[in-house]
Amino acid sequence: MRIYFLIAVVCGMLLASASPVSAHHAFAAEFDANKPIKLQGAVTKVEWINPHAWIHIDVKKPDGKIEKWMIEGGTPNTLFRRGFSKTSLLPGTIIVVEGYQSKDGSLRANGRDLTFPDGRKLFMGSSGTGAPRDGRDPTEPKQ
Amino acid sequence: MSTLGRLAGIALFCLTASPPASSGASFRAPRTADGRPDLTGIWQALGTAYWDLEGHAAQAGAVVALGAAGAVPGGLGVVQGGEIPYQPWAAAKKKENAKNWLTADPEIKCFLPGVPRATYMPFPFQIVQNPKHILLSYEFASATRIVYMDKPDFESPVDTWMGHSRGHWEGETLVIDVNSFNDQTWFDRAGNFHSDALHVVERYTAISPDALRYEATVEDAKVFTRPWKISLPLYRRLDEHMQLLEFKCLEFVEELMYGHLRRNPNK
Amino acid sequence: MSYRFPTFAMGWALAAVMTLTGPVYGQTPKPVAKTKGAGQQQAVALTPWGKPDLRGIWDFATITPMERPSELAGKEVLSEQEATEFERQTLERRNPDRRDGGAEADVGRAYNQFWWDYGTKVIASKRTSLVIDPPNGKAPPLTPNGKKRAEARAEIMRRPAAGPEDRNLAERCILGFNAGPPMAPGAYNNNVQLFQTPDSVIILNEMVNDARFVPLDGRPHLPPNIRQWRGDSRGHWEGNTLVVDTTNFRDETNFRGASRNLHVIERFTRADSETLLYEFTIDDPATWTAPWKAAFPMRRTAGPIYEYACHEGNYGMFNILAGARAQDKEGR
C-alpha cells in the first residue's frame with residue numbers, strides 16, 4: 001500500500017501544476033522534430049557563450065564534401081563551476097552528435113546527445129581540476 | 001616641556017599623521033568599515049572619450065537626419081602621448097572600423113562595452129565595495145563586473161566581454177588587473193579595437209570628495225607596438241536620490257537586428 | 001503561459017524546470033534561526049555596522065515545485081522515505097539523457113544532463129510546494145482579466161513568432177528566467193550574489209548579469225511614470241530580516257502572468273552560516289484574487305558567478321524567427 005502511495009506522490013509531483021514552462025526557451029520553436037540527425041565530425045571551434053554554447057564541427061559526407069554544422073548546447077556556466085573550461089573541448093576532437101535540425105533547414109542542430117565515438121558522453125563528472133564538489137552532480141563519485 | 005618630551009611629541013605626531021602612500025595624492029578618502037579608501041558611489045565621466053579616445057575636432061555625424069544631435073563634439077583626448085600606437089596592419093584595420101562604424105561598432109547593437117570603454121560611456125556606473133568583492137555596475141546594458149580582491153590566482157575558464165578582474169590596493173589606489181577578454185569589443189566609436197590578448201590595468205584614486213582619477217594601461221601584443229595609457233577624471237553623480245536607471249537597450253535594437261525576420265517587416 | 005506539450009513531456013519539462021530547494025521553517029522565517037539538524041544555536045553573523053551579514057553567493061536550486069500538485073492536496077509535507085523516493089524517481093524520470101517518448105519529447109529535452117543544474121534535492125523541510133500561502137500550496141485563482149491575458153500570451157507563444165516581441169523575456173535576453181524579482185528556482189544558474197553597504201544591498205543575479213540596487217535610506221520609489229523591466233526596489237530592516245519592496249514594473253514583465261501593478265515584497269533572513277531564507281509575497285489584484293507567498297532557503301555556494309552575456313550570444317532568436325518564417329512558407 002505504501003509503495004502505491006509513494007508512486008502516487010511521485011507521479012503527482014511530476015505531473016505538477018499549471019505553472020508556466022516559460023523558463024527555458026522552447027527548443028520546439030527552433031528545431032524540427034521531423035528532422036532527426038546523427039553526425040560525426042571534428043570540432044573546429046567552440047563558442048563558450050550564453051545563453052547557449054555552440055560547438056562547430058566539420059562533417060565529412062560520403063562524397064568527400066565537408067559540411068559545417070553548428071550544434072547548440074546549454075549554458076557553459078554550469079560546466080565552468082564543475083571545473084571545465086575553454087580548453088576542455090579542443091579543435092580536432094571527433095565527436096558524435098544526435099539531435100534535430102533547425103526548422104529553417106540551415107546546418108544547425110541541437111546537441112540532443114553529445115558523445116565521443118566510443119560512446120562516452122562529453123563533460124561527465126568533473127574535469128578533476130579542482131571543481132567544486134558539492135554533491136549536486138549525481139555522476140561524481142562521493143567523497 | 002623637556003626636549004625629550006618635545007621629541008616624543010613630534011614622533012607621536014609624525015606616526016599618527018598617516019601620510020598618503022601613493023605618490024602625488026594629497027586627498028585622503030573616507031574609509032570603509034574594513035579600513036579601505038571608500039570609493040562606493042555612482043560615478044560618471046564627462047568629455048568625449050566615448051566618441052574617440054584620441055584628441056579630435058568636432059565633426060559631422062553619420063546620420064544626416066540627426067543633424068547637430070548626431071554630430072561628434074570635439075575632445076582634448078585622454079591618451080597619454082596623444083596617439084594609440086598601432087602596428088601597421090592594425091592602424092589600417094582601425095581606419096576600416098571607423099568607416100564602417102554604424103554596422104561594425106558593437107555598441108550600436110547594445111553589446112557589452114568591455115573595459116575600459118564601460119568606464120567612460122555617457123552613462124553613470126556604480127562602485128559597491130565589500131572586503132572580498134567589489135561590484136562595478138554600469139547603467140549601459142546593465143553591464144556588471146565582479147572584482148575579486150582576495151583571489152590573485154583565480155584564472156577565468158573562458159574569455160568574456162567584460163574580462164576577468166582581480167584587484168588589490170596600493171595605498172589610496174584601487175588597482176584592477178583585467179584579462180581573459182574576447183576580441184569583440186571596441187574602445188570607442190572611432191574604431192579603436194583590440195584582440196583577445198588584451199590586458200588592462202586600471203587605477204582608481206579619489207582626488208577629492210566627489211572626483212576620482214581613472215587611469216588604464218592597455219596592452220595587446222597582437223595589435224599595439226607597446227602598452228599605452230589613458231587618464232580621465234570621474235565625477236560623482238550628486239543628484240538627489242541618485243540611482244542607475246534601466247538601460248537594458250537590447251529592446252531598442254531588436255528591430256535593427258531581427259527586423260528582416262519579421263513576418264511583416266516594418267517599412 | 002504554458003506550452004502544449006504531450007502530457008509526458010509536459011510532466012518531464014515541468015519537473016525539469018521547476019526547482020526549489022532548502023528548508024522552510026513554518027509560515028514565516030524566524031529572524032534568529034537555529035541550524036536545522038545540527039542541534040546547535042548559532043548567532044547570526046553581523047556586518048561591521050551591526051546588520052545581519054547577507055553577503056556571499058547563494059544557490060537556490062531545488063526540485064520541489066512552486067505549487068502543490070493536485071494529487072497531493074492536503075499533504076503538506078513528505079516523510080523522509082517519501083522524499084528520498086521522490087528525489088530518486090524525479091532524477092530518473094526527468095533525466096534528459098533518456099531517449100524514449102518520441103521525437104517531440106526528445107526535442108523538448110533539449111540536450112544532455114551535464115548542461116543542467118536544477119538541483120537534486122527537495123527543500124529540507126520536505127514541504128510539497130514552495131507556495132506557503134494560500135495554505136493549499138497553490139497560487140490563488142486568476143482574476144478574469146488575468147486569465148484573459150494569460151491565454152492571450154499562451155496563444156502567442158504557441159504560434160510561430162511574428163517578431164521578437166512574441167517571445168518571452170528570457171528568450172529575448174531581457175530578464176533571466178529565475179531572477180524576477182521575485183527569484184524562483186529554474187533549470188540552471190540558480191545563483192545570486194549579495195553585496196551590502198550600510199545604506200544599500202545589491203542583488204546580483206547571474207542571469208542576466210543584473211545588479212538590483214536596493215537603497216535602505218528611506219527614499220521613495222521612482223515616480224509612477226518610470227516603469228522598469230525589473231521594477232524598482234527599496235529596502236529596510238525589520239529586526240534581522242531585510243525587507244525589499246518592489247514596484248514600477250512594466251506591463252511586459254509578466255511574472256507568471258502579473259500586470260504592471262505587480263507589487264513584490266521579499267524577505268531575506270540569514271538562518272545560519274550556510275543558509276539564507278528567502279520569502280516573497282506577490283500582490284497584484286489585477287491578476288490574482290488574493291496575495292500569495294512562497295518561501296525557500298538558499299544555500300551558500302562557492303560559485304562563482306560567471307558572466308552571462310545573453311544578448312551577445314543570442315543565436316537562438318535568429319533561429320526561432322528564421323524557423324517561424326520557414327513554417328510560414330510551408331504553411332505550417
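Sequence lines set the chain letters: A, B, ... in the order given, protein chains first and strands last, and positions in each chain run from 1.
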- Query: Does the pair B:Arg262 and C:Glu165 meet the rule for a salt bridge (Lys or Arg N to Asp or Glu O under 4.0 Å), with working shown?
  - Reply: CA-CA 10 Å; B:Arg262 289 185 187 286; C:Glu165 299 84 5; 2.9 Å; yes
- Query: If you count heavy-atom pairs under 4.5 Å between each of B:Val158, B:Asp34, B:Leu261 and chain C, which one has the most?
  - Reply: B:Leu261
- Message: Please evaluate residues C:Ile202 and B:Ser137 with respect to the criterion side-chain contact (heavy atoms from CB on, under 4.5 Å), reporting the C-alpha separation (whole Å), side-chain torsions for both, the decisive distance (0.1 Å), and the verdict.
- Response: CA-CA 10 Å; C:Ile202 290 81; B:Ser137 171; 5.9 Å; no
- Task: To the nearest 0.5 Å, tell me how far B:Ile146 CD1 sits from C:Glu307 CD.
- Result: 10.5 Å
- Between B:Leu245 and C:Gln228, is a side-chain contact (heavy atoms from CB on, under 4.5 Å) present by the stated rule, with each step listed? CA-CA 8 Å; B:Leu245 292 176; C:Gln228 305 198 124; 3.7 Å; yes
- Region of B:Val253 that comes under 4.5 Å of a non-hydrogen atom in chain C: side chain
- Task: Ignoring hydrogens and angles, tell me if any N or O in the side chain of B:Glu246 forms a donor-acceptor pair with the backbone of C:Trp229 under 3.5 Å.
- Result: yes
- Contact class of C:Phe318 relative to chain B, heavy atoms under 4.5 angstrom: both
- Checking heavy atoms, do the side chain of B:Phe154, its backbone, both or neither come under 4.5 Å from chain C? side chain
- What residues of residues 103-124 of chain B sit under 4.5 Å from chain C when only non-hydrogen atoms are counted? B:Lys109, B:Cys110, B:Phe111, B:Leu112
- Check whether C:Arg55 gets within reach of chain B through its side chain, its backbone, both or neither, counting any heavy atom under 4.5 Å. side chain
- Quick one: are C:Phe195 and B:Thr40 in side-chain contact, heavy atoms under 4.5 Å? no
- Task: Work out which heavy atom in B:Leu250 is nearest to a heavy atom in C:Ile174; give both atom names and the distance.
- Result: CD1-CG1, 3.6 Å
- Query: So what's closer than 4.5 Å to chain C heavy atoms on B:His260: side chain, backbone, both or neither?
  - Reply: side chain
- Among B:Arg145, B:Lys132, B:His241, the residue with the most heavy-atom pairs under 4.5 Å to chain C is B:His241
- Query: Is it the backbone or the side chain of C:Arg212 that comes under 4.5 Å from a heavy atom of chain B, or both, or neither?
  - Reply: neither
- Query: Is the closest side-chain heavy-atom distance between B:Leu135 and C:Gln193 below 4.5 Å?
  - Reply: no
- Message: Within this structure, what is the CD-CG distance for the pair B:Glu254 and C:Leu321, rounded to the nearest 0.5 Å?
- Response: 9.0 Å
- Message: Using heavy-atom distances under 4.5 Å, tell me whether C:Ile305 contacts chain B through its side chain, its backbone, both, or neither.
- Response: both
- Item | Approximate separation, where rounding is to 0.5 Å, of C:Asp210 CG and B:Thr144 OG1 | 8.5 Å
- Query: For B:Glu255, is it the side chain, the backbone, both, or neither that has a heavy atom closer than 4.5 Å to a heavy atom of chain C?
  - Reply: neither
- So, does C:Asn209 use its side chain to make a donor-acceptor pair with the main chain of B:Ser142 at under 3.5 Å? no
- Query: At what distance, to the nearest 0.5 angstrom, does CE of B:Met257 lie from CE of C:Met317?
  - Reply: 10.0 Å
- Item | Approximate separation, where rounding is to 0.5 Å, of C:Asp232 CG and B:Gln243 CD | 5.0 Å
- CZ/B:Arg263 to CG/C:Asp166 distance, rounded to the nearest 0.5 angstrom? 7.5 Å
